[in-house]
Number of protein chains: 2
Amino acid sequence: MKTHTESEENYIKALYHLGSDNPVSNGDLAQRIGAKGSSVTQAVKRLSQKNLVTVVPYKGVQLTKEGILLAKSILRKHRLWETFLVDTLGFGWDQVHPLAEQLEHVQSEELVERLSDFLGTPKHDPHGDPIPERNGQMPPVLGEPLGAFAKGHTIKVVRVEDAGSEFFDQLDAMNINLGNTYDVEAISSFDASVQLKSPSGHTIWLSKSMSANIYAVHA
Amino acid sequence: MKTHTESEENYIKALYHLGSDNPVSNGDLAQRIGAKGSSVTQAVKRLSQKNLVTVVPYKGVQLTKEGILLAKSILRKHRLWETFLVDTLGFGWDQVHPLAEQLEHVQSEELVERLSDFLGTPKHDPHGDPIPERNGQMPPVLGEPLGAFAKGHTIKVVRVEDAGSEFFDQLDAMNINLGNTYDVEAISSFDASVQLKSPSGHTIWLSKSMSANIYAVHA
DNA sequence: CTTTTAGTTTAGGCAAAACTAAAAATTATT
DNA sequence: AATAATTTTTAGTTTTGCCTAAACTAAAAG
(Lines give C-alpha, C1' and ligand atoms only; values in the text may rest on other atoms or scores of the structure.)
Protein backbone atom coordinates (compact mmCIF):
# COMPACT_ATOMS: atom_id res chain seq x y z
CA MET A 1 0.00 0.00 0.00
CA LYS A 2 1.36 3.38 -1.08
CA THR A 3 1.85 6.17 1.35
CA HIS A 4 -0.51 9.11 1.60
CA THR A 5 -0.34 12.58 3.04
CA GLU A 6 -2.19 13.39 6.22
CA SER A 7 -4.48 15.69 4.33
CA GLU A 8 -5.42 12.92 1.93
CA GLU A 9 -6.07 10.55 4.78
CA ASN A 10 -8.27 13.11 6.48
CA TYR A 11 -10.39 13.51 3.37
CA ILE A 12 -10.72 9.76 3.02
CA LYS A 13 -11.78 9.44 6.64
CA ALA A 14 -14.30 12.21 6.31
CA LEU A 15 -15.80 10.65 3.20
CA TYR A 16 -16.11 7.31 4.89
CA HIS A 17 -17.80 8.89 7.84
CA LEU A 18 -20.27 10.77 5.67
CA GLY A 19 -21.32 7.52 4.04
CA SER A 20 -19.38 5.17 1.83
CA ASP A 21 -22.41 4.15 -0.20
CA ASN A 22 -23.98 7.41 -1.35
CA PRO A 23 -22.12 10.28 -3.02
CA VAL A 24 -21.12 13.14 -0.74
CA SER A 25 -21.59 16.81 -1.56
CA ASN A 26 -18.73 19.24 -1.72
CA GLY A 27 -20.35 21.33 0.99
CA ASP A 28 -20.83 18.52 3.47
CA LEU A 29 -17.26 17.44 2.97
CA ALA A 30 -16.00 21.00 3.36
CA GLN A 31 -17.85 21.37 6.62
CA ARG A 32 -16.60 18.09 8.01
CA ILE A 33 -12.99 18.82 7.06
CA GLY A 34 -13.16 22.42 8.15
CA ALA A 35 -12.03 23.86 4.83
CA LYS A 36 -13.56 26.00 2.13
CA GLY A 37 -15.43 24.48 -0.77
CA SER A 38 -12.79 25.50 -3.22
CA SER A 39 -10.12 23.67 -1.27
CA VAL A 40 -12.27 20.56 -1.30
CA THR A 41 -12.68 20.73 -5.06
CA GLN A 42 -8.90 20.71 -5.45
CA ALA A 43 -8.40 17.99 -2.89
CA VAL A 44 -10.86 15.53 -4.37
CA LYS A 45 -9.30 16.15 -7.76
CA ARG A 46 -6.00 14.96 -6.34
CA LEU A 47 -7.70 11.98 -4.72
CA SER A 48 -9.42 10.93 -7.92
CA GLN A 49 -6.08 10.91 -9.72
CA LYS A 50 -4.99 8.33 -7.17
CA ASN A 51 -8.14 6.28 -7.73
CA LEU A 52 -9.31 6.72 -4.19
CA VAL A 53 -12.53 8.48 -5.14
CA THR A 54 -14.76 9.06 -8.14
CA VAL A 55 -15.92 12.61 -8.75
CA VAL A 56 -18.90 13.79 -10.77
CA PRO A 57 -18.59 17.59 -11.00
CA TYR A 58 -21.43 19.47 -9.33
CA LYS A 59 -22.88 16.13 -8.20
CA GLY A 60 -20.68 14.61 -5.56
CA VAL A 61 -17.75 12.48 -4.52
CA GLN A 62 -17.69 8.81 -3.64
CA LEU A 63 -15.01 6.51 -2.32
CA THR A 64 -13.75 3.75 -4.60
CA LYS A 65 -13.23 0.24 -3.28
CA GLU A 66 -9.61 1.16 -2.78
CA GLY A 67 -10.65 4.30 -0.92
CA ILE A 68 -12.96 2.37 1.37
CA LEU A 69 -10.18 -0.03 2.23
CA LEU A 70 -7.87 2.82 3.03
CA ALA A 71 -10.56 4.44 5.17
CA LYS A 72 -11.00 1.25 7.13
CA SER A 73 -7.30 0.83 7.69
CA ILE A 74 -7.12 4.35 9.08
CA LEU A 75 -10.15 3.72 11.26
CA ARG A 76 -8.55 0.51 12.47
CA LYS A 77 -5.47 2.42 13.55
CA HIS A 78 -7.51 5.20 15.12
CA ARG A 79 -9.58 2.87 17.24
CA LEU A 80 -6.70 0.66 18.25
CA TRP A 81 -4.76 3.70 19.42
CA GLU A 82 -7.82 4.91 21.34
CA THR A 83 -8.01 1.53 23.02
CA PHE A 84 -4.33 1.73 23.88
CA LEU A 85 -4.64 5.22 25.29
CA VAL A 86 -7.54 4.29 27.54
CA ASP A 87 -6.75 0.71 28.51
CA THR A 88 -2.98 0.94 28.75
CA LEU A 89 -2.17 4.55 29.52
CA GLY A 90 -5.26 5.34 31.56
CA PHE A 91 -6.60 8.29 29.59
CA GLY A 92 -10.27 9.16 29.93
CA TRP A 93 -12.45 8.17 26.99
CA ASP A 94 -13.24 11.82 26.40
CA GLN A 95 -9.56 12.73 25.95
CA VAL A 96 -8.34 10.28 23.37
CA HIS A 97 -9.88 11.37 20.10
CA PRO A 98 -7.46 14.19 19.20
CA LEU A 99 -4.48 12.05 20.14
CA ALA A 100 -5.68 9.14 18.04
CA GLU A 101 -6.10 11.57 15.15
CA GLN A 102 -2.38 12.12 15.25
CA LEU A 103 -1.37 8.54 15.91
CA GLU A 104 -3.55 7.12 13.16
CA HIS A 105 -1.26 8.67 10.55
CA VAL A 106 1.79 6.69 11.61
CA GLN A 107 2.65 4.37 8.75
CA SER A 108 3.52 0.82 9.70
CA GLU A 109 1.53 -2.33 9.14
CA GLU A 110 3.63 -4.17 11.67
CA LEU A 111 3.09 -1.56 14.36
CA VAL A 112 -0.68 -1.80 13.98
CA GLU A 113 -0.68 -5.56 14.17
CA ARG A 114 1.63 -5.70 17.15
CA LEU A 115 -0.48 -3.10 18.88
CA SER A 116 -3.60 -5.12 18.21
CA ASP A 117 -1.94 -8.26 19.58
CA PHE A 118 -0.72 -6.44 22.66
CA LEU A 119 -4.24 -5.18 23.36
CA GLY A 120 -5.66 -8.68 22.92
CA THR A 121 -7.12 -8.13 19.44
CA PRO A 122 -10.03 -6.06 20.69
CA LYS A 123 -13.13 -5.95 18.53
CA HIS A 124 -14.45 -2.67 19.91
CA ASP A 125 -12.83 0.54 21.13
CA PRO A 126 -13.41 2.37 24.44
CA HIS A 127 -16.59 3.95 23.07
CA GLY A 128 -17.91 0.59 21.92
CA ASP A 129 -17.26 1.31 18.24
CA PRO A 130 -16.21 -1.63 16.08
CA ILE A 131 -12.52 -1.87 15.14
CA PRO A 132 -12.14 -2.94 11.50
CA GLU A 133 -10.05 -6.08 11.06
CA ARG A 134 -6.88 -6.40 8.96
CA ASN A 135 -8.90 -7.62 6.01
CA GLY A 136 -11.46 -4.84 6.24
CA GLN A 137 -14.17 -6.90 7.89
CA MET A 138 -16.27 -5.01 10.42
CA PRO A 139 -17.27 -6.41 13.81
CA PRO A 140 -20.92 -5.81 14.67
CA VAL A 141 -22.14 -2.35 15.57
CA LEU A 142 -23.34 -2.85 19.09
CA GLY A 143 -26.60 -1.95 20.78
CA GLU A 144 -29.64 0.19 20.22
CA PRO A 145 -30.41 3.64 21.60
CA LEU A 146 -31.87 3.59 25.08
CA GLY A 147 -35.20 4.86 23.79
CA ALA A 148 -35.71 1.57 21.97
CA PHE A 149 -36.09 -0.40 25.18
CA ALA A 150 -39.30 -0.91 27.12
CA LYS A 151 -39.95 -0.26 30.77
CA GLY A 152 -39.02 -3.13 33.03
CA HIS A 153 -36.15 -4.47 30.98
CA THR A 154 -32.60 -4.79 32.28
CA ILE A 155 -30.05 -3.38 29.89
CA LYS A 156 -26.28 -3.10 29.55
CA VAL A 157 -24.55 -0.04 28.09
CA VAL A 158 -22.30 -1.13 25.22
CA ARG A 159 -21.62 2.00 23.16
CA VAL A 160 -21.75 5.77 23.26
CA GLU A 161 -21.64 8.08 20.30
CA ASP A 162 -18.94 10.71 20.34
CA ALA A 163 -21.08 13.78 20.94
CA GLY A 164 -18.52 16.20 22.28
CA SER A 165 -16.85 16.77 25.60
CA GLU A 166 -19.96 18.08 27.38
CA PHE A 167 -21.64 14.79 26.65
CA PHE A 168 -18.74 12.88 28.14
CA ASP A 169 -18.62 15.19 31.13
CA GLN A 170 -22.26 14.44 31.72
CA LEU A 171 -21.67 10.69 31.44
CA ASP A 172 -18.82 10.93 33.92
CA ALA A 173 -20.90 13.01 36.30
CA MET A 174 -23.58 10.31 36.18
CA ASN A 175 -20.94 7.61 36.49
CA ILE A 176 -22.13 5.91 33.33
CA ASN A 177 -19.59 3.55 31.77
CA LEU A 178 -19.55 0.80 29.19
CA GLY A 179 -20.67 -2.45 30.77
CA ASN A 180 -22.89 -0.84 33.37
CA THR A 181 -26.33 -2.41 33.76
CA TYR A 182 -29.57 -0.68 34.61
CA ASP A 183 -33.27 -1.35 34.93
CA VAL A 184 -35.40 0.74 32.63
CA GLU A 185 -37.90 2.37 34.96
CA ALA A 186 -39.66 4.62 32.50
CA ILE A 187 -39.52 6.08 29.04
CA SER A 188 -41.45 9.30 28.68
CA SER A 189 -43.84 9.32 25.78
CA PHE A 190 -43.88 13.11 26.12
CA ASP A 191 -40.19 14.12 25.75
CA ALA A 192 -38.57 10.72 25.15
CA SER A 193 -36.48 11.09 28.28
CA VAL A 194 -35.39 7.91 30.02
CA GLN A 195 -35.36 6.90 33.66
CA LEU A 196 -32.92 4.21 34.75
CA LYS A 197 -32.19 2.50 38.06
CA SER A 198 -28.65 1.38 38.77
CA PRO A 199 -27.94 -1.87 40.67
CA SER A 200 -26.93 0.25 43.68
CA GLY A 201 -30.43 1.69 43.72
CA HIS A 202 -29.75 5.17 42.36
CA THR A 203 -32.18 6.55 39.83
CA ILE A 204 -30.88 8.41 36.79
CA TRP A 205 -32.87 10.68 34.49
CA LEU A 206 -31.57 11.08 30.98
CA SER A 207 -32.76 13.70 28.51
CA LYS A 208 -33.61 12.61 25.02
CA SER A 209 -30.40 14.09 23.63
CA MET A 210 -28.41 12.13 26.20
CA SER A 211 -30.21 8.84 25.77
CA ALA A 212 -30.11 9.05 21.98
CA ASN A 213 -26.32 8.81 22.12
CA ILE A 214 -26.21 5.90 24.54
CA TYR A 215 -26.58 2.39 23.14
CA ALA A 216 -27.38 -0.77 25.05
CA VAL A 217 -28.32 -4.44 24.75
CA HIS A 218 -30.52 -6.60 26.93
CA ALA A 219 -28.46 -7.61 29.96
CA MET B 1 5.05 25.46 23.99
CA LYS B 2 4.08 26.38 20.44
CA THR B 3 3.61 23.80 17.78
CA HIS B 4 6.14 23.16 15.04
CA THR B 5 6.10 21.50 11.67
CA GLU B 6 7.73 18.13 11.24
CA SER B 7 10.33 19.66 8.99
CA GLU B 8 11.25 22.19 11.65
CA GLU B 9 11.49 19.49 14.28
CA ASN B 10 13.73 17.43 12.01
CA TYR B 11 16.12 20.34 11.56
CA ILE B 12 16.22 20.96 15.30
CA LYS B 13 16.94 17.30 15.95
CA ALA B 14 19.69 17.23 13.35
CA LEU B 15 21.30 20.36 14.78
CA TYR B 16 21.24 18.90 18.26
CA HIS B 17 22.79 15.72 17.04
CA LEU B 18 25.56 17.56 15.19
CA GLY B 19 26.49 19.34 18.38
CA SER B 20 24.57 21.87 20.39
CA ASP B 21 27.69 23.73 21.53
CA ASN B 22 29.59 24.52 18.32
CA PRO B 23 28.05 26.09 15.19
CA VAL B 24 27.07 23.65 12.45
CA SER B 25 27.87 24.14 8.79
CA ASN B 26 25.21 24.34 6.15
CA GLY B 27 26.71 21.35 4.36
CA ASP B 28 26.79 19.06 7.37
CA LEU B 29 23.22 19.92 8.14
CA ALA B 30 22.18 19.34 4.54
CA GLN B 31 23.77 15.92 4.51
CA ARG B 32 22.21 14.92 7.79
CA ILE B 33 18.74 16.09 6.73
CA GLY B 34 19.04 14.68 3.24
CA ALA B 35 18.28 17.98 1.49
CA LYS B 36 20.23 20.35 -0.67
CA GLY B 37 22.22 23.21 0.78
CA SER B 38 19.86 25.80 -0.59
CA SER B 39 16.92 24.19 1.17
CA VAL B 40 18.86 24.30 4.40
CA THR B 41 19.58 27.99 4.01
CA GLN B 42 15.86 28.66 3.74
CA ALA B 43 14.95 26.33 6.56
CA VAL B 44 17.36 27.83 9.06
CA LYS B 45 16.10 31.27 8.09
CA ARG B 46 12.62 30.15 9.12
CA LEU B 47 13.99 28.67 12.33
CA SER B 48 15.87 31.82 13.26
CA GLN B 49 12.69 33.85 12.88
CA LYS B 50 11.22 31.62 15.56
CA ASN B 51 14.25 32.12 17.80
CA LEU B 52 15.16 28.46 17.68
CA VAL B 53 18.59 29.04 16.11
CA THR B 54 21.07 31.83 15.49
CA VAL B 55 22.54 32.06 12.01
CA VAL B 56 25.76 33.76 10.90
CA PRO B 57 25.75 33.72 7.08
CA TYR B 58 28.56 31.70 5.55
CA LYS B 59 29.65 30.73 9.07
CA GLY B 60 27.16 28.39 10.61
CA VAL B 61 23.99 27.74 12.58
CA GLN B 62 23.59 27.16 16.28
CA LEU B 63 20.66 26.22 18.47
CA THR B 64 19.40 28.80 20.95
CA LYS B 65 18.54 27.79 24.50
CA GLU B 66 14.95 27.46 23.34
CA GLY B 67 16.08 25.31 20.42
CA ILE B 68 18.06 23.01 22.68
CA LEU B 69 15.04 22.54 24.92
CA LEU B 70 12.88 21.68 21.95
CA ALA B 71 15.51 19.24 20.70
CA LYS B 72 15.58 17.50 24.04
CA SER B 73 11.82 17.24 24.22
CA ILE B 74 11.78 15.60 20.79
CA LEU B 75 14.60 13.28 21.78
CA ARG B 76 12.69 12.40 24.93
CA LYS B 77 9.69 11.40 22.89
CA HIS B 78 11.78 9.49 20.39
CA ARG B 79 13.54 7.41 23.00
CA LEU B 80 10.44 6.76 25.06
CA TRP B 81 8.64 5.50 21.97
CA GLU B 82 11.62 3.29 21.10
CA THR B 83 11.47 1.86 24.59
CA PHE B 84 7.77 1.23 24.21
CA LEU B 85 8.19 -0.44 20.84
CA VAL B 86 10.88 -2.81 22.11
CA ASP B 87 9.78 -3.45 25.69
CA THR B 88 6.03 -3.47 25.22
CA LEU B 89 5.40 -4.46 21.62
CA GLY B 90 8.39 -6.73 21.18
CA PHE B 91 10.07 -5.07 18.22
CA GLY B 92 13.76 -5.71 17.63
CA TRP B 93 16.08 -2.88 18.57
CA ASP B 94 17.13 -2.59 14.96
CA GLN B 95 13.55 -1.94 13.76
CA VAL B 96 12.37 0.87 15.94
CA HIS B 97 14.19 3.94 14.74
CA PRO B 98 12.04 4.77 11.70
CA LEU B 99 8.87 4.20 13.69
CA ALA B 100 10.01 6.41 16.52
CA GLU B 101 10.82 9.09 13.95
CA GLN B 102 7.14 9.20 13.14
CA LEU B 103 5.85 8.87 16.68
CA GLU B 104 8.14 11.56 18.06
CA HIS B 105 6.15 14.21 16.20
CA VAL B 106 2.90 13.48 18.02
CA GLN B 107 2.08 16.54 20.09
CA SER B 108 0.90 15.91 23.61
CA GLU B 109 2.71 16.56 26.84
CA GLU B 110 0.32 14.31 28.69
CA LEU B 111 0.84 11.42 26.32
CA VAL B 112 4.60 11.56 26.80
CA GLU B 113 4.34 11.66 30.55
CA ARG B 114 1.81 8.85 30.72
CA LEU B 115 3.97 6.80 28.40
CA SER B 116 7.00 7.40 30.59
CA ASP B 117 5.04 6.39 33.68
CA PHE B 118 3.72 3.27 31.99
CA LEU B 119 7.26 2.25 31.03
CA GLY B 120 8.48 2.82 34.58
CA THR B 121 10.20 6.16 33.91
CA PRO B 122 13.14 4.58 32.13
CA LYS B 123 16.40 6.53 32.10
CA HIS B 124 17.84 4.84 29.01
CA ASP B 125 16.35 3.51 25.79
CA PRO B 126 16.80 0.05 24.23
CA HIS B 127 20.17 1.08 22.78
CA GLY B 128 21.35 2.38 26.14
CA ASP B 129 21.00 6.02 25.13
CA PRO B 130 19.91 8.46 27.84
CA ILE B 131 16.30 9.65 27.78
CA PRO B 132 16.11 13.37 28.58
CA GLU B 133 13.86 14.16 31.52
CA ARG B 134 10.83 16.47 31.48
CA ASN B 135 12.94 19.38 32.65
CA GLY B 136 15.69 18.79 30.10
CA GLN B 137 18.11 17.11 32.44
CA MET B 138 20.14 14.32 30.85
CA PRO B 139 20.82 10.99 32.54
CA PRO B 140 24.45 9.85 32.27
CA VAL B 141 25.81 8.63 28.96
CA LEU B 142 26.73 5.07 29.76
CA GLY B 143 29.90 3.11 29.19
CA GLU B 144 33.13 3.34 27.24
CA PRO B 145 34.01 1.69 23.95
CA LEU B 146 35.23 -1.86 24.32
CA GLY B 147 38.71 -0.88 23.20
CA ALA B 148 39.13 1.14 26.39
CA PHE B 149 39.17 -1.95 28.59
CA ALA B 150 42.19 -4.03 29.44
CA LYS B 151 42.65 -7.75 29.07
CA GLY B 152 41.38 -9.75 32.01
CA HIS B 153 38.56 -7.44 33.02
CA THR B 154 34.93 -8.50 33.18
CA ILE B 155 32.62 -6.05 31.43
CA LYS B 156 28.92 -5.50 30.88
CA VAL B 157 27.49 -4.16 27.63
CA VAL B 158 25.39 -1.07 28.37
CA ARG B 159 25.06 0.80 25.07
CA VAL B 160 25.41 0.41 21.33
CA GLU B 161 25.67 3.21 18.85
CA ASP B 162 23.15 3.15 16.03
CA ALA B 163 25.44 2.19 13.17
CA GLY B 164 22.95 0.86 10.65
CA SER B 165 21.10 -2.39 10.18
CA GLU B 166 24.16 -4.46 9.23
CA PHE B 167 25.68 -3.59 12.57
CA PHE B 168 22.54 -4.74 14.36
CA ASP B 169 22.39 -7.90 12.27
CA GLN B 170 25.92 -8.66 13.30
CA LEU B 171 25.10 -8.07 16.97
CA ASP B 172 22.11 -10.38 16.71
CA ALA B 173 24.15 -13.03 14.94
CA MET B 174 26.65 -12.88 17.79
CA ASN B 175 23.83 -12.82 20.33
CA ILE B 176 25.12 -9.63 21.89
CA ASN B 177 22.53 -7.74 23.94
CA LEU B 178 22.49 -4.99 26.51
CA GLY B 179 23.28 -6.40 29.93
CA ASN B 180 25.43 -9.25 28.65
CA THR B 181 28.72 -9.74 30.48
CA TYR B 182 32.02 -10.90 29.02
CA ASP B 183 35.63 -11.40 29.96
CA VAL B 184 38.06 -9.38 27.86
CA GLU B 185 40.49 -11.99 26.57
CA ALA B 186 42.55 -9.81 24.29
CA ILE B 187 42.74 -6.45 22.62
CA SER B 188 44.91 -6.42 19.54
CA SER B 189 47.48 -3.64 19.50
CA PHE B 190 47.74 -4.24 15.74
CA ASP B 191 44.17 -3.76 14.46
CA ALA B 192 42.35 -2.84 17.68
CA SER B 193 40.10 -5.86 17.37
CA VAL B 194 38.69 -7.29 20.56
CA GLN B 195 38.35 -10.85 21.81
CA LEU B 196 35.66 -11.60 24.38
CA LYS B 197 34.62 -14.72 26.26
CA SER B 198 30.97 -15.14 27.18
CA PRO B 199 29.89 -16.73 30.48
CA SER B 200 28.85 -19.82 28.52
CA GLY B 201 32.42 -20.18 27.33
CA HIS B 202 32.07 -19.04 23.73
CA THR B 203 34.74 -16.77 22.35
CA ILE B 204 33.78 -13.79 20.20
CA TRP B 205 36.04 -11.79 17.92
CA LEU B 206 35.02 -8.24 17.23
CA SER B 207 36.54 -6.05 14.54
CA LYS B 208 37.56 -2.53 15.46
CA SER B 209 34.56 -1.08 13.68
CA MET B 210 32.27 -3.37 15.65
CA SER B 211 33.87 -2.82 19.03
CA ALA B 212 34.04 0.93 18.56
CA ASN B 213 30.24 1.04 18.54
CA ILE B 214 29.78 -1.16 21.61
CA TYR B 215 30.02 0.47 25.03
CA ALA B 216 30.50 -1.26 28.36
CA VAL B 217 31.19 -0.75 32.04
CA HIS B 218 33.09 -2.93 34.50
CA ALA B 219 30.78 -5.73 35.55
C1' DC C 1 48.68 38.23 -5.20
C1' DT C 2 45.84 36.13 -8.29
C1' DT C 3 43.24 31.92 -9.25
C1' DT C 4 40.89 27.92 -8.20
C1' DT C 5 37.93 25.33 -5.36
C1' DA C 6 34.72 24.30 -1.83
C1' DG C 7 30.91 25.90 0.41
C1' DT C 8 26.93 29.13 0.79
C1' DT C 9 23.43 32.10 -0.63
C1' DT C 10 20.16 34.13 -3.88
C1' DA C 11 16.87 33.70 -7.52
C1' DG C 12 13.41 31.41 -9.77
C1' DG C 13 10.40 27.11 -10.09
C1' DC C 14 7.33 23.48 -8.62
C1' DA C 15 3.91 20.87 -5.81
C1' DA C 16 0.70 20.40 -1.99
C1' DA C 17 -2.73 22.52 0.45
C1' DA C 18 -4.97 26.15 2.06
C1' DC C 19 -7.32 30.80 1.07
C1' DT C 20 -10.54 34.81 -1.40
C1' DA C 21 -13.27 36.49 -4.96
C1' DA C 22 -15.73 35.92 -9.02
C1' DA C 23 -18.00 33.03 -12.53
C1' DA C 24 -20.79 29.05 -13.69
C1' DA C 25 -24.02 25.44 -12.75
C1' DT C 26 -27.67 23.59 -10.09
C1' DT C 27 -31.71 23.86 -7.33
C1' DA C 28 -35.56 26.37 -5.49
C1' DT C 29 -39.15 29.90 -5.78
C1' DT C 30 -42.27 32.65 -7.58
C1' DA D 1 -40.48 29.45 -17.52
C1' DA D 2 -37.88 33.03 -15.42
C1' DT D 3 -35.60 34.56 -11.72
C1' DA D 4 -33.57 34.12 -7.21
C1' DA D 5 -30.77 31.54 -4.04
C1' DT D 6 -27.47 28.19 -3.27
C1' DT D 7 -23.74 25.40 -4.38
C1' DT D 8 -19.71 24.38 -6.97
C1' DT D 9 -16.00 25.46 -9.76
C1' DT D 10 -12.39 28.40 -11.66
C1' DA D 11 -8.82 31.65 -11.24
C1' DG D 12 -5.45 33.77 -8.84
C1' DT D 13 -2.70 34.08 -4.05
C1' DT D 14 -0.24 32.43 -0.05
C1' DT D 15 2.80 29.40 2.74
C1' DT D 16 5.83 25.61 3.42
C1' DG D 17 9.32 23.03 1.77
C1' DC D 18 11.76 21.17 -1.63
C1' DC D 19 14.51 21.62 -6.16
C1' DT D 20 18.25 23.51 -9.90
C1' DA D 21 21.17 26.93 -11.61
C1' DA D 22 23.78 30.93 -11.07
C1' DA D 23 26.24 34.14 -8.18
C1' DC D 24 28.84 35.00 -4.34
C1' DT D 25 32.34 34.32 -0.19
C1' DA D 26 36.26 32.51 1.94
C1' DA D 27 40.06 29.86 2.07
C1' DA D 28 43.74 27.18 -0.17
C1' DA D 29 46.92 26.61 -4.02
C1' DG D 30 49.65 28.37 -7.35
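In what follows, chains carry the letters A, B, and so on, assigned in the order in which the sequence lines appear, proteins first and then strands, with residues in each chain numbered from 1.
Under 4.0 angstrom from either OP1 or OP2 of dT20(C) there lies at least one side-chain N or O belonging to K36(A). Distances shorter than 4.0 Å separate some side-chain N or O of T5(A) from OP1 or OP2 on dA17(C). Considering only side-chain N and O atoms, K59(A) lies nowhere under 4.0 angstrom from the phosphate OP1 or OP2 of dT26(C). An OP1 or OP2 oxygen of dC19(D) is reached within less than 4.0 angstrom by a side-chain nitrogen or oxygen of S39(B).
Along DNA chain C, the nucleotide nearest to Y11(A) and the one nearest to D28(B) differ in position, and the one closer to the 5' end is contacted by D28(B). Of the two residues contacting DNA chain C, namely S7(A) and G37(B), the nearest-nucleotide position lying further toward the 5' end is that of G37(B).
Remark: the S38(B) side chain and the dT20(D) base include a donor-acceptor N/O pair separated by less than 3.5 Å. At a cut-off of 3.5 angstrom, the base of dC19(C) holds no donor-acceptor pair with the side chain of Q42(A).
As judged by a 4.0 angstrom heavy-atom cut-off over every strand, G27(A) is placed among residues touching the sugar-phosphate backbone only.
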Quiz: residues 22-32 of chain B side-chain donor-acceptor pairs under 3.5 angstrom, not counting sequence neighbours:
from   : atom 1 : to     : atom 2 : distance (Å)
S25(B) : OG     : D28(B) : N      : 3.1
N26(B) : ND2    : T41(B) : OG1    : 3.0
R32(B) : NH2    : H17(B) : ND1    : 3.4

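Taking the side chain of Y58(B) as heavy atoms from C-beta on, and the options dC19(D), dT25(D), dT10(D), the nearest nucleotide is dT25(D).
S7(A) and T5(A) form no side-chain donor-acceptor contact under 3.5 Å, judged by distance and modelled atom types alone. With hydrogens and angles left out, the side-chain atoms of H97(A) and H78(A) include a donor and acceptor closer than 3.5 Å.
For the pair L29(A) CG and dT8(D) P, the interatomic distance rounds to 10 Å; values are reported in whole Å. Summarising the geometry, the separation between CD on E6(B) and C1' on dT15(D) is reported as 17 Å, rounded to the nearest angstrom. For the pair N26(B) CG and dT10(C) P, the computed distance is 11 Å after rounding to whole Å. Note: CD (E9(B)) to P (dT16(D)) measures 15 Å, nearest angstrom. Between the CD atom of Q31(B) and the P atom of dA6(C) there is a distance of 15 Å, given to the nearest Å.
Across residues 43-50 of chain A, K45(A) each have a non-hydrogen atom less than 4.0 Å from an atom of DNA chain D (numbered order).
Using bins of under 30°, 30° to 60° and over 60° for the plane-to-plane angle, the ring pair W81(B)/F84(A) lands in the tilted bin.
The line from OH of Y11(A) to CD1 of I33(A) is 5.0 Å long, rounded to the nearest 0.5 Å.
For the salt bridge (Lys or Arg N to Asp or Glu O under 4.0 Å) test with D125(A), the passing option among K77(A), R159(A), R79(A) is R79(A); the others fail.
In this structure, F167(B) and L171(B) have side chains that are in contact, with non-hydrogen atoms separated by less than 4.5 Å.
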